[in-house]
Asker: 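Before anything else, here's the structure in question.
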Amino acid sequence: MDLFTPYGRNEAPQQEKEALGMPLAARMRPECLEEVAGQQHLLAPGKLLRRAIETDRFSSLIFYGPPGVGKTTLAYVIARQTSAYFVMLNGVESNVSDIREKIAEAKARQAMHGQRTILFVDELHRFNKAQQDVLLPHLERGTVRFIGATTENPYFAINSAMLSRSQIFPLEPVADADIMQLLRRAATDPERGLGYMKIDVAEDALAHLALKADGDVRKALTALEVAVLSTPAAADGVVHVDLAVAEESIQKKAIKYDRAGDGHYDTISAFIKSMRGSDPDAALYWLAYMLNAGEDIRFIARRLVICASEDVGLADSNALRVALAAAQAAEMVGMPEARIPLAHATVYIATAPKSNAAYKAMDAALQDVREGKTLAVPDHLATPTRKKLARLRGVSAEATDYKYAHDFGDEHYVPQAYLPEGRVYYHPTTNGMELRITERMAYLKSLRTDKMQGSDNPPPGRSS
């Protein structure tokens, strides 16, 4: 069968196509670049992918994006545009022998007819390393022009050897306006669409289908087809599709959320960054997204505890208490009630003043410990045994005398060295409660300055 027979404009009449079971989404598959819905970041005039297609200058391509955004469609259009023979494999169903068979056919086709072959692999991430490796030499030699499609991040799901031989193009969810335009065309096109029937689709019905499709063109077209074909004609012989029919015809959208993949990590990243950025509305949305997708509430609670300490820190120490209490409460009550304490902690952390000064100080100290010269504990901070040994070495009693802070006035503070080099790691901010810490640290610094200038004569301390 010729590649384009199912999608041409001059074949069997529409009723025969439907009798053969071809769905509307397949019949409306674009035949040229101008008919592709959305993806203007790749296909607008002058863009790299469009130039590569129009000049027929490309070798291996990988399309990456969610379902229904046109990955397979774009591969078909490229084959039509470049007059190449189109062969399709599926990452779930195909094996190494299938790949070798298609490669052999491509070689024969090139030798006998001079026609190049586009080998399209859907769900490329399902190919194991051995299957991907079988393709590599043929991509190098140009035996086939390869196009892969995946819903997973190719930088994680595809091996590096194939990535280095391919150009990767991310496809985005199709905008509602573009889906609306495609739905109107499908409703009126008498050859590929539903225009051979007498139908009247309300604009608010089309808008609802476009909105609920959530960027998935296939989902929108399937819903329109269900709405039209399941609605009996009125007395005037016209099938009327109103908003109520549209609402019944499109199912609740399935959230793409792979708990071991991009959906998991991207969403928790957005959640944390929204709280760090003091946006409670965004943080609540991503929390709801994760809960609706069935994310482990203990995982969410752990991230709340980390964020409370890392990003709020000493600007509001209550944030850590709230996060810990929310984690305990969520574990105790379980879902669906766990959403309540988790939301409580999310809003508290998002609206709290922020400081990562303590966290940064810890990392700076760790870096010094790991990379710098090891510092010895000062003699006056050591154990009594160590002090005796120091005195035997000739160290003066004064140098080993530890001053007990609580013996020194109302402040319970006496200047003395706690690091041999006097390094500074903690730099408090002026945010929230940390302002008081900043003021306190400045005051203690002034006391140290006075001590150095001899204006302070504290009573003798006691040694330990």
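Numbering of residues begins at 1 and proceeds along the displayed sequence. Below, each value reflects all heavy atoms present in this structure, side chains not excepted, and no hydrogens, waters or symmetry copies. All values derive from a computational prediction rather than experimental measurement.
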Asker: Is it the case that over 12 heavy atoms from other parts of the model lie below 6.0 angstrom from the CZ atom of Arg141?
Answerer: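 For Arg141, atom CZ is crowded (more than 12 foreign heavy atoms under 6.0 Å).
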Asker: Check whether any side-chain heavy atom of Phe86 lies under 4.5 Å from a side-chain heavy atom of Thr117, and answer yes or no.
Answerer: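 They are not in side-chain contact.
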Asker: Return the CG to CZ distance between Leu48 and Phe169, rounded to the nearest 0.5 Å.
Answerer: 4.5 Å
Asker: Apply side chain to side chain donor-acceptor pair (under 3.5 Å) to Asp189 and Tyr196, showing your working.
Answerer: CA-CA 7 Å; Asp189 189 327; Tyr196 69 94; over 6 Å; no
Asker: So for atom OH, which belongs to Tyr425, do other residues, nucleotides or ligands contribute more than 12 heavy atoms lying within a distance under 6.0 Å?
Answerer: yes
Asker: Only distances under 3.5 Å count here; give the side-chain donor-acceptor pairs of residues 100-108 to other protein atoms, sequence neighbours excluded, each with its distance to 0.1 Å.
Answerer:
none

Asker: Taking the six-membered ring of Phe271, is NZ or CZ of Arg303 closer than 6.0 Å to its centre and within 45° of its axis?
Answerer: no
Asker: For Gln328, I'd like to know if atom CD has over 12 heavy atoms of other residues, nucleotides or ligands within 6.0 Å.
Answerer: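 Incorrect, the count does not exceed 12.
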Asker: So do the side chains of Lys212 and Glu247 get within less than 4.5 Å of each other, counting heavy atoms only?
Answerer: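 They are not in side-chain contact.
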Asker: To the nearest 0.5 Å, what is the distance between CE (Met162) and OG (Ser60)?
Answerer: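 Reported to 0.5 Å precision, the distance equals 7.5 Å.
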Asker: Assess whether salt bridge (Lys or Arg N to Asp or Glu O under 4.0 Å) is satisfied between Asp316 and Arg321, documenting all intermediate values.
Answerer: CA-CA 10 Å; Asp316 185 353; Arg321 299 187 185 98; over 6 Å; no
Asker: How long is the gap from CD on Glu310 to CG on Leu320, to the nearest 0.5 Å?
Answerer: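 With rounding to 0.5 Å, CD (Glu310) is 12.5 Å from CG (Leu320).
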Asker: Would you indicate whether the side-chain heavy atoms of Ile199 and Thr231 approach each other to under 4.5 Å?
Answerer: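 Side chain of Thr231 against side chain of Ile199, heavy atoms only: no contact under 4.5 Å found.
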Asker: Any side-chain heavy atom of Asn431 sitting closer than 4.5 Å to one from Leu435?
Answerer: no
Asker: Does Asp281 have any side chain to side chain contact (heavy atoms under 4.5 Å, CB included) partners at least two apart in sequence or in another chain, and if so, which?
Answerer: Asp279
